[in-house]
Amino acid sequence: TTNPTEAKEYGAKAEEYMKKVMPNVGKKKFMARQLPFDIFVARKIQKWEARAKEWNCDLVDAVGVSPLEEMIYFWNGYKRMRNDHLEVSLANLAWSESAANPHWDKE
């Protein structure tokens, strides 16, 4: 969104949801090992928290590529997408690398 007040509100909600993830990761195990998706999510959240601290920004601003796009990649979703969905996904990825993303040069 281009509205700064809406962006701040959505950012606060996103950060609240991201902080709810870590206490719930790693509770389920299979053959005494953590599930691969739990490991992936925990690693990403830790990376974003460290990045937010290093860059002195909000947690949401420290996220580079959309978590949704990373989930699609994790589950090999690009091969199953219709062309119109794939175009939207590629547009989202293009935004991550654009000048609109103020932290891309730090990636």
Side-chain angles (χ1 to χ4, degrees):
T1 183
T2 56
N3 184 342
T5 55
E6 281 183 2
K8 192 173 255 337
E9 179 183 322
Y10 291 140
K13 273 187 182 178
E15 190 163 340
E16 175 188 334
Y17 292 137
M18 282 191 217
K19 291 192 185 253
K20 287 182 180 180
V21 170
M22 283 308 282
N24 296 309
V25 169
K27 289 191 175 185
K28 292 190 177 195
K29 296 192 185 295
F30 179 72
M31 296 180 68
R33 294 184 55 194
Q34 271 189 313
L35 300 174
F37 185 69
D38 285 359
I39 295 169
F40 174 79
V41 169
R43 187 175 48 91
K44 285 295 181 180
I45 296 286
Q46 289 170 351
K47 174 184 170 184
W48 295 332
E49 287 174 342
R51 197 186 274 180
K53 187 176 181 181
E54 179 184 334
W55 293 352
N56 197 23
C57 65
D58 293 334
L59 178 63
V60 175
D61 293 330
V63 175
V65 176
S66 166
L68 175 63
E69 297 300 327
E70 293 194 14
M71 303 267 184
I72 292 169
Y73 179 78
F74 183 82
W75 293 108
N76 201 18
Y78 293 118
K79 292 192 181 227
R80 292 182 239 151
M81 281 185 171
R82 293 190 329 233
N83 283 341
D84 55 332
H85 292 156
L86 187 58
E87 288 174 14
V88 171
S89 191
L90 290 173
N92 290 339
L93 288 171
W95 179 88
S96 296
E97 296 179 353
S98 72
N101 183 354
H103 299 292
W104 180 249
D105 58 338
K106 296 178 184 176
E107 280 290 321

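It should be emphasised that the depicted structure is a prediction, and the values quoted were computed from it without experimental measurement.
Expressed to the nearest 0.5 Å, how far OH of Tyr78 lies from CG of Leu93 amounts to 4.5 Å. In this structure, the separation between CE on Met18 and CG on Asp58 is 10.5 Å, given to the nearest 0.5 Å. Taken from NE2 in His85 to CD in Glu87, the straight-line distance is 10.5 Å, to the nearest 0.5 Å. We find the OG1-OH distance between Thr5 and Tyr10 to be 9.5 Å, quoted to the nearest 0.5 Å. Atom CG in Asp38 sits 13.0 Å away from atom CZ in Arg43 (nearest 0.5 Å).
The hydrophobic cluster containing Phe37 does not contain Ile39, counting ILVMFWY residues as joined when their side-chain heavy atoms lie under 4.5 angstrom apart, directly or transitively. The cluster map of Ile, Leu, Val, Met, Phe, Trp and Tyr, joined by side-chain heavy atoms under 4.5 Å apart, puts Val25 and Trp75 in the same cluster. Hydrophobic cluster membership is shared by Met81 and Leu68, with clusters built from Ile, Leu, Val, Met, Phe, Trp and Tyr side chains linked at under 4.5 angstrom. Taken together through direct or relayed side-chain contacts under 4.5 Å among Ile, Leu, Val, Met, Phe, Trp and Tyr, Val41 and Phe74 form part of one hydrophobic cluster. Note on Ile45 and Met71: same hydrophobic cluster, where clusters join Ile, Leu, Val, Met, Phe, Trp and Tyr whose side-chain heavy atoms are under 4.5 Å apart, directly or indirectly.
Within the 4.5 Å cutoff, side-chain heavy atoms of Leu90 are placed close to those of Leu86. Residues Phe40 and Gln34 fail the side-chain proximity criterion, which asks for heavy atoms closer than 4.5 Å. Counting heavy atoms from C-beta on, the side chains of Trp48 and Lys44 come closer than 4.5 Å.
Environment of CG in Asn76: crowded, with over 12 heavy atoms of neighbouring residues, nucleotides or ligands closer than 6.0 Å.
Across Val63 and Arg51, no two heavy atoms sit closer than the pair C-NH1, 4.3 Å. Nearest heavy-atom pair, Ala14 versus Val60, reported as atom, atom and distance to 0.1 Å: CB-CG2, 3.8 Å.
Using a 4.0 Å cut-off between a side-chain N of Lys or Arg and a carboxylate O of Asp or Glu, Lys20 and Glu16 qualify as a salt bridge.
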